[in-house]
Amino acid sequence: RALRSAARLTAAAAELEELHRLCRLGCLYDVERWIRAGRPLQLAASSPAERRRHRSALEIALDRQDHSLILLLVANGYDLALEPECALDKALRLRRGDLLDLLLEWGANPQRVDLDILFETYDSLLFERFRGLGVDLTAGHALAYALGYHTSNKPLLGFAKRHRLDEPRIQTALDMALARHAGEGNEKGVMLCLWAGADPHARVP
């Protein structure tokens, strides 16, 4: 795991306006000079709701898909845990595996990822990766919802088929999805869930 500098915070949003302007313009060397001068990088607000009122330097860098700028920030004290929105979600939406790797290396918490966004990648390797990082893909019935309301996510069905015997909660999610498709008369959904190993006799919520 990469070494991280101490967080560099300010309670005054106005102190970050120039930094944000430099980030929007992609002035990498000016941002580096800002950091060398010991200036703050992000807002130390009292709550996530308050931080959402002010766009962060990292959000700007992610919108630019600027790998170098993101690395410059996180390697110099930018605290990913203080972001009101999970930066991993943005990387997943952008389909930028390199940014995802970078954020995870520098301490982004995989437990904060939005499971709906993760499932929308249709990427079985990502499903396996986040499972390996200890993320419960069935939390909040997210897996059951994704399988029960859609029939196009074949990689997710394959993931559930591979792991249903190891994790009872995945089996339950499959069974719930089958019940949903059966209740809606969706024959394709029923057949896919049965293929993946759903139990038509199981009692589900």
Side-chain angles (χ1 to χ4, degrees), residues 1-4 48 58-59 62 65 67 70-71 74 79-205:
R1 181 172 297 276
L3 297 176
R4 285 184 284 284
L58 183 66
E59 288 176 315
L62 282 167
Q65 301 187 48
H67 186 284
I70 295 167
L71 177 58
V74 297
D79 189 346
L80 292 168
L82 293 179
E83 287 294 288
E85 307 294 340
C86 179
L88 298 174
D89 293 343
K90 182 71 172 181
L92 289 171
R93 284 196 184 101
L94 293 170
R95 304 296 195 269
R96 286 291 300 269
D98 58 332
L99 299 184
L100 186 73
D101 293 341
L102 174 63
L103 293 167
L104 287 170
E105 179 184 356
W106 286 91
N109 183 3
Q111 301 294 336
R112 291 187 64 195
V113 76
D114 186 313
L115 294 178
D116 292 335
I117 295 173
L118 175 61
F119 295 152
E120 285 169 6
T121 65
Y122 283 51
D123 190 329
S124 60
L125 292 179
L126 285 176
F127 306 154
E128 298 288 356
R129 181 175 188 179
F130 278 88
R131 177 175 179 265
L133 291 169
V135 177
D136 179 8
L137 302 190
T138 67
H141 296 308
L143 181 60
Y145 181 92
L147 295 175
Y149 282 80
H150 309 283
T151 58
S152 59
N153 200 336
K154 306 301 193 308
L156 189 58
L157 279 159
F159 170 86
K161 181 181 176 70
R162 286 193 300 277
H163 296 292
R164 67 183 183 84
L165 296 179
D166 302 326
E167 295 187 33
R169 287 174 296 186
I170 292 180
Q171 180 67 61
T172 300
L174 268 173
D175 298 340
M176 291 174 68
L178 173 62
R180 159 74 185 176
H181 287 305
E184 294 295 309
N186 186 338
E187 184 176 358
K188 179 181 179 182
V190 167
M191 297 301 291
L192 286 170
C193 287
L194 289 173
W195 168 83
D199 180 359
H201 302 288
R203 297 181 63 84
V204 296

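This is a predicted model, so every value here is computed, not measured.
- Judged by distance alone, with hydrogens and angles left aside, the side-chain atoms of Asp114 form no donor-acceptor pair with the main-chain N or O of Asp89 at under 3.5 Å.
- Ion pairing between a basic and an acidic side chain is recognised when a charged N comes within 4.0 Å of a carboxylate O; Arg131 and Glu167 show such pairing.
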For Arg129 and Leu104, run side chain to side chain contact (heavy atoms under 4.5 Å, CB included): C-alpha distance rounded to whole Å, both residues' side-chain angles, the deciding distance at 0.1 Å, then the answer.
CA-CA 11 Å; Arg129 181 175 188 179; Leu104 287 170; 3.4 Å; yes
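- With rounding to the nearest 0.5 angstrom, the CG atom of Leu71 is 10.5 Å from the CG atom of Leu99.
- Between Leu88 and Leu100, some side-chain heavy-atom pair lies under the 4.5 Å cut-off.
- No more than 12 heavy-atom neighbours from other residues, nucleotides or ligands sit within 6.0 angstrom of NE2 on His141.
- For the atom pair CG of Asp116 and OG1 of Thr121, the computed distance is 11.5 Å after rounding to the nearest 0.5 Å.
- In plain terms, the two heavy atoms of Ile70 and Leu58 that are nearest each other are CG2-CD1, 3.9 Å.
- Side chain of Gln111 to backbone of Gly134: a donor-acceptor contact under 3.5 angstrom is found.
- Here the closest heavy-atom approach between residue Gly148 and residue Arg180 is recorded as O-CG, 3.0 Å.
- Using a cut-off of 4.0 Å between Lys/Arg side-chain N and Asp/Glu carboxylate O, Glu128 and Arg162 are scored as salt-bridged.
- Between His163 and Phe159, the ring planes lie tilted relative to each other; the angle falls in the 30° to 60° range.
- Closest heavy-atom contact between Gly107 and Leu80: C-CD1, 4.1 Å.
- For the pair Thr151 and His181, the minimum side-chain heavy-atom distance is below 4.5 Å.
- Residues Leu147 and Asn153 form no side-chain contact, since every pair of their non-hydrogen atoms from C-beta on lies 4.5 Å or further apart.
- With values rounded to the nearest 0.5 angstrom, Leu157 atom CG is found 6.0 Å from Cys193 atom SG.
- The number of heavy-atom neighbours closer than 6.0 Å to CZ of Arg169, taken from other residues, nucleotides and ligands shown, is 12 or below.
- To the nearest 0.5 angstrom, Leu125 atom CG is 12.5 Å from Phe130 atom CZ.
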Decide side chain to side chain contact (heavy atoms under 4.5 Å, CB included) for Glu59 and Leu62; before the verdict, give the C-alpha distance in whole Å, the side-chain angles of both, and the deciding distance to 0.1 Å.
CA-CA 5 Å; Glu59 288 176 315; Leu62 282 167; 5.8 Å; no
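- Looking at Leu194 and Pro200, their side chains come closer than 4.5 Å, going by heavy atoms from C-beta outward.
- Between Asp123 and Pro155 there is no side-chain heavy-atom pair separated by less than 4.5 Å.
- Using a 4.5 Å heavy-atom threshold, the side chains of Phe119 and Phe127 count as touching.
- Within the 4.5 Å cutoff, the side chain of Lys154 has heavy atoms near those of the Leu192 side chain.
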Take Lys90 and Glu85 through the test side chain to side chain contact (heavy atoms under 4.5 Å, CB included) and record every step on the way to the result.
CA-CA 9 Å; Lys90 182 71 172 181; Glu85 307 294 340; over 6 Å; no
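- For the atom pair CZ (Arg96) and CG (Leu102), the distance works out to 10.0 Å, reported to the nearest 0.5 Å.
- Note on residues 187-205: no pairs pass salt bridge (charged side-chain N to carboxylate O under 4.0 Å, His left out), not counting sequence neighbours.
- Here the side chains of Val135 and Leu115 are in contact, with some heavy-atom distance below 4.5 Å.
- The minimum heavy-atom distance linking Ala91 with Leu103 is given by the pair CB-CD1, 4.2 Å.
- Among residues two or more places apart in sequence or in another chain, the side chain to side chain contact (heavy atoms under 4.5 Å, CB included) test is passed with Arg164 by Ile170, Gln171, Leu174.
- In this structure, CD1 on Ile117 lies 12.5 Å from CG on Leu126, to the nearest 0.5 angstrom.
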